[in-house]
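Okay, so here's the structure we're looking at.
Ligands are counted one by one from 1 in listed order, and the atoms in each one are counted from 1 as well.
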Amino acid sequence: MAEHFAVRGGARLMGAVDVVGAKNSVLKLMAAALLAEGTTTITNCPEILDVPLMADVLRSLGCTVEVDHDTVTIDVPAEPGAQADYRSVSRLRASVCVLGPLVARCRRAVVPLPGGDAIGSRPLDMHQAGLRKLGATTEIEHGRVVAQADELRGAQIWLDFPSVGATENILMAAVLADGTTVIDNAAREPEIVDLCTMLQQMGAKIDGVGSSTLTVHGVSGLQPTRHRVIGDRIVGATWAFAAAMTRGQVTVRGVDPHHLDLVLDKLRTAGADIAIGTDEFTVTMEGRPCAVDFVTLPYPGFATDLQPMAIALSAVAEGTSMITENVFEARFRFVEEMMRLGADARTDGHHAVVRGVEQLSSAPVWASDIRAGAGLVLAGLCADGETEVWDVEHIDRGYPRFVENLCALGADIERVSTEPQR
Ligand code: UD1
């Protein structure tokens, strides 16, 4: 049976929503557990498919993994396997983050290439170059990355671009290298800070956490730990955009509002009133949002994962917005689906121009990835009639209890199972 979401637009979202741990953090924290023999426990995990998929990757490396609601317990053997299972890895792009910990622990890692993505190419050249600087050899053989090293030595590494994945892999290899590693132009997303915090709890020595220069003093061994995942800022921001677009009032709990400083400032510019608390914020929108320009960049810039929400907001705003995508070249592909809903949008290279319309109109649309899917649902909340959003398994991979949360805020949305349509 195929599933779709049936969204009937018109409701103003009102109420409060709790956000759990970040998808883009938990998967890396699970990989980091490989760095220490024994039992590591991770709490506040989101109940999304990617967590059991990552558990399978770790099981294929000899770990015993238990997933119990929001808690994942990983028992790592003295000698984990070095070869990740093809089937598990191919279903989960983020599984490539076992590369760094495996080279550090086993001095050898064989990780199948995780494959393409609907948002654009995702090469591993920076991951590999960083591991080579640390003394490993890396090759692509038969569709797998094979990395090995007799020993890892600290090195000075300059990243061409602050890649999240490359920073994480190099960091997780460097914590057990001999000597000091400096990663310059490192990514500084809050999820990297979360990873550094967990590694420090395990005994790693890292300076410059949260900055673009990470200095890692290698240690000879790490201990298992217990760690709580940070709240998912992308999910939190999705609710903030939903509130602004539907002229509602939504309190988002469980996310550090400072991780969304720029995003909330953009919404303020669009006309929203934003009240900030310690671990929560409230977005109130009285009238129609005004058009704002967005430029995606590595953190602390505007997150590329929120670009579909920016397009959705611009589609219903008063005026014309320019959205510039600097991180993933194919991320505008979903704009065609937005146009089915009546968005007046045009893309040229990495720019999109969106002229806001008063009212979107319902249509069947297809989600090409997690965030595009969420953006389409947000647009459906502002369309007349019933919008069907298909391929919702993408949305389920990033948003736990998505439909339930929206219903609790007053949206008219349901999950429908039918025979496949295409
Ligand atoms: C992570 C997030 C993803 C987010 C992205 C950017 C996870 C699981 N995913 O993806 O949701 O959209 O960060 O915030 O955490 N690149 C190279 N060579 C490399 C590595 C990356 O050219 O070796 C390029 C990519 O093609 C892309 C850019 O660098 O254009 C950014 O990618 P990166 O920051 O690495 O994203 P991910 O870690 O894959």
Side-chain angles (χ1 to χ4, degrees), residues 21-32 45-46 48-51 53-54 57 89 91-100 111 113-133 138 140 145 147 157-173 183 185-195 212 229-230 232-235 237-238 259-260 262-263 295-310 324-332 334 350 368-375 394-395 397-399:
K23 171 183 96 70
N24 286 353
S25 208
V26 68
L27 304 172
K28 326 306 172 61
L29 302 177
M30 289 173 74
C45 301
I48 49 173
L49 180 64
D50 282 11
V51 170
L53 287 180
M54 189 65 181
V57 173
V89 169
R91 297 181 66 195
L92 182 63
R93 163 84 209 176
S95 56
V96 76
C97 63
V98 298
L99 191 60
V111 181
L113 285 168
D117 211 296
I119 60 175
S121 73
R122 292 170 103 171
L124 295 177
D125 53 320
M126 283 187 263
H127 301 239
Q128 290 181 274
L131 294 177
R132 282 196 204 112
K133 279 266 170 79
T138 76
I140 306 284
V145 190
I157 296 166
W158 291 271
L159 293 181
D160 292 344
F161 182 90
S163 152
V164 172
T167 302
E168 290 162 341
N169 256 329
I170 297 166
L171 179 64
M172 288 192 274
I183 311 173
N185 200 22
R188 48 194 173 125
E189 269 68 3
E191 294 75 24
I192 303 245
V193 174
D194 201 24
L195 174 62
S212 56
V229 187
I230 56 162
D232 197 316
R233 68 194 162 100
I234 305 298
V235 172
T238 301
H259 293 164
L260 291 171
L262 192 152
V263 172
V295 179
T296 71
L297 279 172
Y299 191 84
F302 186 83
T304 174
D305 284 352
L306 291 173
Q307 184 251 94
M309 320 317 151
T324 305
E325 172 58 59
N326 288 314
V327 183
F328 287 109
E329 80 276 3
R331 212 159 199 169
F332 280 141
F334 87 104
H350 63 130
S368 48
D369 72 90
I370 304 173
R371 311 301 170 189
H394 291 297
I395 304 176
R397 283 188 41 220
Y399 291 87

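- For a threshold of 3.5 Å applied to N or O pairs, the pair formed by Met126 and ligand 1 contains at least one separation below that value.
- The backbone N or O of Leu159 sits less than 3.5 Å from a side-chain atom of Asn185, completing a donor-acceptor pair.
- The distance from ligand 1 to the heavy atoms of Ala94 drops below 4.0 Å at these ligand atoms: 8 (C).
- Considering backbone and side-chain N/O of Asn24, one or more are found under 3.5 Å from N/O of ligand 1.
- A distance-only check finds a donor-acceptor pair linking the side chain of Asp232 to the backbone of Lys23 [under 3.5 Å].
- Ion pairing of Asp194 with Lys28 is absent here, as no side-chain N (NZ or NE/NH1/NH2) approaches a carboxylate O to less than 4.0 Å.
- A donor-acceptor contact closer than 3.5 angstrom is absent between the side chains of Arg188 and Ser212.
- A donor-acceptor pair under 3.5 Å is absent between the side-chain atoms of Glu191 and the main chain of Val193, judged by distance alone.
- Heavy-atom proximity to Leu124, at under 4.0 Å, picks out these atoms of ligand 1: 23 (O).
- At least one heavy atom of Asp125 sits closer than 4.0 Å to an atom of ligand 1.
- Ligand 1 does not have Glu325 within reach: every non-hydrogen atom of the residue lies 4.0 Å or more from it.
- For Val164, heavy-atom contacts with ligand 1 shorter than 4.0 Å involve the backbone as well as the side chain.
- Under the 3.5 Å distance criterion, the side-chain polar atoms of Ser95 are matched with a main-chain donor or acceptor of Leu92.
- For the pair Pro162 and ligand 1, the shortest N or O to N or O distance does not fall below 3.5 Å.
- Note on ligand 1: Glu191 sits outside its first shell, no heavy atom being nearer than 4.0 Å.
- Heavy-atom distances between Pro123 and ligand 1 reach below 4.0 Å in at least one pair.
- Distance alone, capped at 3.5 Å, is enough to place a donor-acceptor pair between the His350 side chain and the Glu325 backbone.
- In this structure, the side chain of Asp305 does not engage the main chain of Ile234 through any donor-acceptor pair within 3.5 Å.
- Heavy-atom proximity to Arg331, at under 4.0 Å, picks out these atoms of ligand 1: 12 (O).
- Between the Asn169 side chain and the Val96 main chain, a donor and an acceptor come within less than 3.5 Å of each other.
- Of all atoms in ligand 1, numbered sequentially from 1 with element shown, those under 4.0 Å from a heavy atom of Asp305 are 3 (C), 4 (C), 11 (O), 12 (O).
- The shortest N or O to N or O distance between Gly165 and ligand 1 is below 3.5 Å.
- Short contacts between ligand 1 and Val327, defined as distances under 4.0 Å to a heavy atom of the residue, involve ligand atoms 27 (C), 28 (C), 30 (O), 31 (C).
- A donor-acceptor pair under 3.5 Å is absent between the side-chain atoms of Thr304 and the main chain of Val327, judged by distance alone.
- No part of Gln128 comes within 4.0 Å of ligand 1, judged by heavy-atom distances.
- With a 4.0 Å cut-off on non-hydrogen atoms, Ser163 touches ligand 1 through its backbone as well as its side chain.
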